[in-house]
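The block underneath contains the structure these notes are about, expressed in structure tokens.
A, B, ... follow the sequence lines: proteins, then strands. Residue 1 opens every chain.
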Number of protein chains: 2
Amino acid sequence: MSEQGQQSVSSRNLAGCLGINPSQIRKDFSYFGDFGGTPGVGYNIQKLVKQINKILKLNIVRRAALVGVGNLGSAIMAYPGFGIYGFDIAAAFDINPKKIGRKIENVTIEDVSNLRTLKKRKINLAIITVPRDAAQQTADALVKAGVRGILNFSPHHITVPKKVKVITIDIAMDLARLPYYMPAD
Amino acid sequence: MSEQGQQSVSSRNLAGCLGINPSQIRKDFSYFGDFGGTPGVGYNIQKLVKQINKILKLNIVRRAALVGVGNLGSAIMAYPGFGIYGFDIAAAFDINPKKIGRKIENVTIEDVSNLRTLKKRKINLAIITVPRDAAQQTADALVKAGVRGILNFSPHHITVPKKVKVITIDIAMDLARLPYYMPAD
DNA sequence: CTATGTGAATTTATTCACAGCA
DNA sequence: TGCTGTGAATAAATTCACATAG
């Protein structure tokens, strides 16, 4: 909406986009403080975007590392969607000697042994796209390197200290949720 | 656990894996009927897997189509994780004439105009990995072709008739959830 | 009029607590 | 003893309803 130059939006409007109740929107906003909505009009979109970015701490550029430059990893490196949230995939790592030194999306692939340099480089976010069996040890190395947030794409539960936040995306499991809503055939 | 030949598992055990309360497990199971747990022992893992697959309707092979054979699409085609839930990515479509006819993971890439053949081919699941701007029209074509479930990877809200179930995965937005849990630096 | 912001009411989810079974 | 299965109790999320503001 912001990109389309829209000025304001009501809770009913937003709720419609999400398929939820308008008071849910207003209540959620109220938990975080004053969103400065105008009765009879709605919320100023510019202000809304700023406020939400601030709440989610997306108002600074974050440098992220990606580990595992396979098919999925390459796809993510090339994904254009990260920019709008202020992410910059600034480093890539792999264990395969053939890949090391090659460039992908202007980032040179490094050996995983270099992971420990992340702290110095002020990179504290990571994306794991390694095979299932390597997931936990990759996470361990990342935590040791000072990483505080991990987006995990391997279909494996990862154990980390509780100061570190992990979000796991299991693509196959997401697909597996669909049949439940579908008739048998 | 099943693959590791484990015989049984308790609700406490399962809850530990998920970081939730054991009674949550038991309560959830009870909503779906008798899971035949043995007091003092736990649940038989074989039985559990079967029961859950049945509830989620994962007990038959499902044929899925993928639309948009770019970086992400190719990665998903090559992803080994779908098999265990009984998915078979049986068709791939793209709009780029250069890609059409080429093979990827033993599947020949077809022109998107062929989407309407899906019904005949008994494919009623689809994965959308097209650019943002093409997402809605792709969804429309899929619905017209009889698809009943869509896994949408484009960062765009998709509108479909309510008989069709859509699950959207916005990778950038998932990553965007991490900073909230992290100190500013 | 239209839409916000929020207490109160309602609904839903989670946890407790314990009888009963292997 | 150790765990299931489930009503009862509690906690959390959602929705209602309305006073109030542009």
Side-chain angles (χ1 to χ4, degrees), chain A residues 1-2 4-56 157 159 162 165-168 170 173-174 176-178 180-181, chain B residues 1-2 4-56 157 159 162 165-168 170 173-174 176-178 180-181:
Chain A
M1 290 173 178
S2 173
Q4 285 161 28
Q6 204 170 308
Q7 286 298 309
S8 67
V9 63
S10 67
S11 58
R12 167 201 290 259
N13 215 307
L14 287 168
C17 295
L18 300 171
I20 60 177
N21 189 298
S23 48
Q24 183 76 78
I25 299 281
R26 301 200 296 280
K27 180 68 79 180
D28 284 355
F29 283 0
S30 82
Y31 286 134
F32 284 99
D34 192 4
F35 273 65
T38 310
V41 179
Y43 303 91
N44 178 281
I45 287 179
Q46 295 288 313
K47 206 183 288 179
L48 209 48
V49 169
K50 241 177 240 169
Q51 199 110 342
I52 292 172
N53 276 339
K54 193 174 163 193
I55 291 168
L56 299 178
H157 175 74
T159 305
K162 62 176 173 308
K165 175 74 178 174
V166 176
I167 289 176
T168 294
D170 184 335
M173 192 176 285
D174 285 318
R177 289 165 51 202
L178 283 174
Y180 177 76
Y181 301 94
Chain B
M1 290 172 179
S2 174
Q4 286 161 26
Q6 204 170 311
Q7 286 299 308
S8 67
V9 62
S10 66
S11 58
R12 168 201 290 258
N13 216 305
L14 288 168
C17 295
L18 299 171
I20 61 176
N21 189 299
S23 48
Q24 184 75 77
I25 299 280
R26 300 200 297 278
K27 180 67 81 181
D28 284 354
F29 284 179
S30 83
Y31 286 134
F32 285 98
D34 192 4
F35 274 65
T38 309
V41 180
Y43 303 91
N44 179 282
I45 287 178
Q46 295 287 314
K47 206 183 288 180
L48 208 49
V49 169
K50 240 176 239 168
Q51 199 111 340
I52 291 172
N53 276 339
K54 194 175 162 191
I55 290 167
L56 299 178
H157 175 74
T159 305
K162 63 177 172 305
K165 175 73 178 178
V166 176
I167 288 175
T168 294
D170 184 336
M173 191 176 286
D174 285 319
R177 291 165 50 203
L178 283 174
Y180 178 77
Y181 301 95

**Study point:** Working for side-chain contact (heavy atoms from CB on, under 4.5 Å), residues B:Gln24 and B:Leu18
**Key:** CA-CA 11 Å; B:Gln24 184 75 77; B:Leu18 299 171; over 6 Å; no

Check your understanding: Starting at OH of B:Tyr31 and ending at C1' of D:dG7, how long is that distance when rounded to a whole Å?
Key -> 11 Å

**Study point:** Which nucleotide in D:dT4, C:dT4, C:dT6 has an atom nearest any side-chain atom of B:Ser10
**Key:** D:dT4

Check your understanding: Does CE belonging to A:Met1 count more than 12 external heavy atoms closer than 6.0 Å?
Key -> yes

Review point. To the nearest Å, how far apart are B:Asp28 CG and D:dG5 P?
Key: 13 Å

Revision key, fill the gap. Taken to the nearest whole Å, CG/B:Asn44 to C1'/D:dT4 is 15 Å

Check your understanding: Of the candidate nucleotides D:dT15, C:dG5, C:dT15, which contains the atom at the shortest distance from the side chain of A:Lys27?
Key -> D:dT15

Check your understanding: Closest to the A:Arg26 side chain: D:dG2, C:dA3, C:dT6?
Key -> C:dT6

Review point. If you check every side-chain atom of A:Asn21, which of C:dT4, C:dT14, D:dT15 has the closest atom?
Key: D:dT15

Exercise for review: Quick one: sort the A:Phe29 and A:Phe35 rings into parallel, tilted or perpendicular, breaks at 30° and 60°.
Suggested key: parallel

Review point. Can you check the B:Asp34 CG to D:dT6 C1' distance for me, whole Å?
Key: 12 Å

Exercise for review: Remember a base hit wins even if backbone is also touched, and classify B:Gly36 as base, sugar-phosphate or nothing at under 4.0 Å, heavy atoms.
Suggested key: sugar-phosphate

Study note, to complete from the structure: Of B:Tyr43 and A:Ile20, the one whose nearest nucleotide on DNA chain D sits closer to the 5' end is B:Tyr43

**Study point:** A:Ile25 CD1 to D:dT14 P, straight-line distance once rounded to whole Å
**Key:** 11 Å

Point to revise | Residues, nucleotides or ligands: over 12 heavy atoms within 6.0 Å of A:Gln46 CD | key: no

Practice item. Check every strand shown and say whether A:Ser23 touches a base, only sugar-phosphate, or nothing at a heavy-atom separation below 4.0 Å. Key: base

**Study point:** Nearest-Å distance for atom pair CZ/C1', residues B:Arg12 and D:dG5
**Key:** 16 Å

Check your understanding: DNA chain C: B:Gln24 or A:Gly42, which has the more 5' nearest nucleotide?
Key -> A:Gly42

Revision key, fill the gap. From the list B:Val9, B:Ile20, B:Asn13, side-chain contact (heavy atoms from CB on, under 4.5 Å) partner of B:Ile25 resolves to B:Ile20

Point to revise | Touch class at under 4.0 angstrom, heavy-atom based, for B:Phe29 against every strand present | key: nothing

Review point. Among C:dT6, D:dG2, C:dT14, which nucleotide sits nearest the side chain of A:Ser30?
Key: C:dT6

Practice item. Between D:dG5, C:dA22, D:dC16, spot the one nearest the side chain of B:Thr38, thanks. Key: C:dA22

